[in-house]
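For reference, the structure discussed in these notes is given below.
In the text below, chain A, chain B and the rest are named by the order of the sequence lines, each starting its count at 1.
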Amino acid sequence: MARKWLRWLPAAVVPAVVAAAALTGSYQAGAAVNLPEKSSAEIIAMIGHSEVRALSGTLRQTSELGIPQLPAAGPIPSVRQGAGQGLAAVIELTGTAHTARIYLDGPSKARLQIMDTLAERDVVRNGRDLWLYNSADNSAAHATLPDATATRRPPGHGPADRSPADRGPANNGPKTPATPGIATPEAIAQRFLAAADPSTEVTVGDATIVAGRTAYQLVLRPRSTVTLVDSVTLAVDAASGLPLGIQLRSRGQAAPAFSLAFSDISLSAPESSVFTFTPPHGASVKEMTVPSAAPMPGTKHAVPGTHPAADRPTVTGKGWDAVVGFPAGVLPADVRSDPAFAQLAQAVPGGRAITTSLVTVLMLDDGRVFAGMVPLERLQAAASPQ
Amino acid sequence: MASELTVLFRRLRTWAMLLALAAIPILIATAVRLSSHPVPPGRGPAFLDRVSQNGLFVGMTALLVSVPLFLPITVGVVAGDTIAGEANLGTLRYLLVAPAGRVRLLLIKYSAAAVFCLAATVTVAAVGVLAGVALFPVGPVTLLSGDTIGVGESLLRSLLIAAYISVSLLGLAAIGLAISTFTDIPVGAMAATVVLSVMSQVADNLPQLEWLHPWLFSQYWLGFADLLRQPISWTTFGDNALLQAGYILAAGAIAYGRFTSKDVLS
């Protein structure tokens with residue numbers, strides 16, 4: 001009888017061992033690291049001294065913004081069907097978890113791949129050519145970036161005569177910040193700390209490991225008790241000074257509200273074929289005109305930067321408590337009819353509000369919009385005097 | 001081992017299941033071919049809109065469609081039948097009379113189920129490619145990243161995807177084997193295995209159970225898309241293999257505990 005029970009022993013032990021191995025594997029990331037002590041000014045200067053011009057790596061983004069999550073039903077989640085347009089796209093990019101691969105080589109070659117389930121969104125920059133590609137609907141968009149030094153080429157028809165060699169870093173030489181100019185990174189660090197000090201406490205956190213590299217952690221903690229932000233943590237690679245990750249924590253929430261960090265990284269130059277992009281056969285290609293800066297997907301506040309003077313936003317409050325107010329008409333009308341908006345915004349007196357653990361947005365019925373990293377009451381207070 | 005494979009592949013049921021799996025790509029290819037409207041991008045299963053332009057996508061679409069249900073069903077049937085089927089036929093005790101040992105019998109039964117996993121996915125992929133070549137133009141394949149690869153490399157990637165899905169099913173096969181040692185009724189073990197695979201996928205789709213997701217054996221089932229990126233992202237392949245290995249060890253240990261301590265009466 002005893003032997004019989006002995007035979008069950010592996011059945012009890014092996015699953016436990018497997019589970020334990022899996023758990024220790026994920027906890028090793030949080031093991032303590034020893035690094036020579038550095039002051040926060042030295043760490044900021046290190047970022048300025050960073051000479052990383054080429055890298056390839058994987059970024060992981062997670063969010064706990066406290067907005068309702070839609071179940072990812074089926075192979076293609078319904079949220080992603082609408083990806084790339086309007087409010088839903090912004091919420092989808094910032095509010096859900098993503099994995100993206102990033103490749104950089106010099107200032108003029110970059111590629112970002114947002115890896116969705118069974119789909120991918122790509123941003124490729126090679127010299128002056130900028131390509132956006134979305135595999136879900138097989139659509140591509142092309143833009144020719146302005147370049148003051150190069151002779152202007154007719155827009156479009158880029159891919160045929162494009163070779164990676166003729167738009168190397170040499171072509172963009174004047175843009176390269178080879179010499180930091182008058183200010184050294186140390187001086188900039190001191191100036192930054194002095195400017196931040198009244199509103200923010202800058203400390204050095206425990207050293208950590210990000211993407212297998214030891215990193216310093218710079219912790220920015222608002223002195224204000226009003227703001228929703230508890231702290232902003234920046235992980236800086238101890239060897240190269242490259243920022244490896246950022247974490248935003250909000251008050252009263254254990255999990256980081258927003259976290260973006262490398263999960264693996266290599267500082268060697270990626271193959272140049274990564275940056276050559278030709279729209280695939282059968283894809284719909286759209287030509288875009290870019291006024292000044294390249295549109296960056298994933299940018300948090302996708303508010304157009306070019307307002308007429310009358311529409312300029314007003315700012316009340318200082319530092320972390322600042323509330324930005326937009327006059328009526330700035331918010332595109334279609335945002336309100338967006339189904340994602342109806343799902344997220346709750347009715348409050350005089351309008352509707354989107355509350356997340358980091359940012360609150362109040363949209364009044366008269367068209368004005370107020371936003372800030374503060375609780376809703378603050379926004380309502382900022383809105384009332386007018 | 002060889003005799004076990006002959007038994008498995010001489011069965012009418014095995015061939016019926018492989019035929020049913022082969023019917024999936026053929027059905028997809030003919031349906032797209034006969035329909036007069038082109039499939040708009042972004043509708044239906046991923047890759048479906050590419051099928052009419054490039055026949056090589058038939059295999060990938062068929063694999064994508066069969067991963068959630070059809071492949072787990074066939075694997076569940078084979079794995080659930082391993083021990084319980086012999087017990088039900090009354091042949092288990094004769095197998096154990098031979099001085100082969102119970103552990104060896106388990107290993108052989110599991111290997112046969114693993115071979116079936118591979119046979120099933122390769123059937124879908126190969127028939128898909130053949131049907132695609134027969135009905136549609138074939139050309140360079142567009143990857144998810146928007147890059148284009150030649151026909152030869154895309155066939156290689158199809159094989160890689162088939163290998164990935166075979167590995168994904170190994171954990172389920174081990175669970176089926178473990179369940180199979182607990183009962184003498186093969187249908188019960190088959191049904192339990194299939195139900196488990198469906199439950200795991202349902203749990204995988206609920207954001208409220210996010211803490212559980214890394215522990216589900218179906219977690220990376222759709223991760224084969226990472227093999228369609230340029231450059232290939234191998235991380236998922238490795239994670240998936242590790243996860244399945246964990247399930248094989250755990251379920252194998254349970255199967256061992258049950259089977260070696262069991263009184264075999266039939």
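Atom CZ of residue B/R229 and atom CD of residue A/E120 lie 4.5 Å apart, to the nearest 0.5 angstrom. In this structure, OH on A/Y133 lies 9.0 Å from CG on B/D147, to the nearest 0.5 angstrom.
Interface residue A/A19: backbone and side-chain heavy atoms are both found under 4.5 Å from chain B. Heavy atoms of B/T235 lying under 4.5 Å from chain A are absent altogether. Only the side chain of B/R50 comes within contact range of chain A, judged by heavy atoms closer than 4.5 Å.
A donor-acceptor pair under 3.5 Å is absent between the side-chain atoms of A/R7 and the main chain of B/F259, judged by distance alone. Side-chain atoms of A/R101 come within 3.5 Å of backbone N or O of B/P231 as a donor-acceptor pair.
The two residues B/S145 and A/D122 make their nearest non-hydrogen contact at O-OD2, 3.4 Å. When every heavy atom of B/L64 is checked against every heavy atom of A/L118, the shortest pair comes out as CD1-CD1, 3.2 Å. Heavy-atom minimum distance, A/A11 versus B/A253: CB-O, 3.5 Å. The nearest pair of heavy atoms linking A/W8 to B/I254 is CZ3-O, 4.0 Å. When all heavy atoms are compared, the tightest approach of A/A22 to B/W215 is CB-CH2, 3.8 Å.
Within a 6.0 Å radius of CZ in B/F70, other residues, nucleotides and ligands contribute 12 heavy atoms or fewer. A 6.0 Å sphere centred on CD of A/E271 holds no more than 12 heavy atoms belonging to other residues, nucleotides or ligands.
Note: B/S261 leads B/S261, B/G246, B/A178, B/A250 in heavy-atom pairs under 4.5 Å with chain A.
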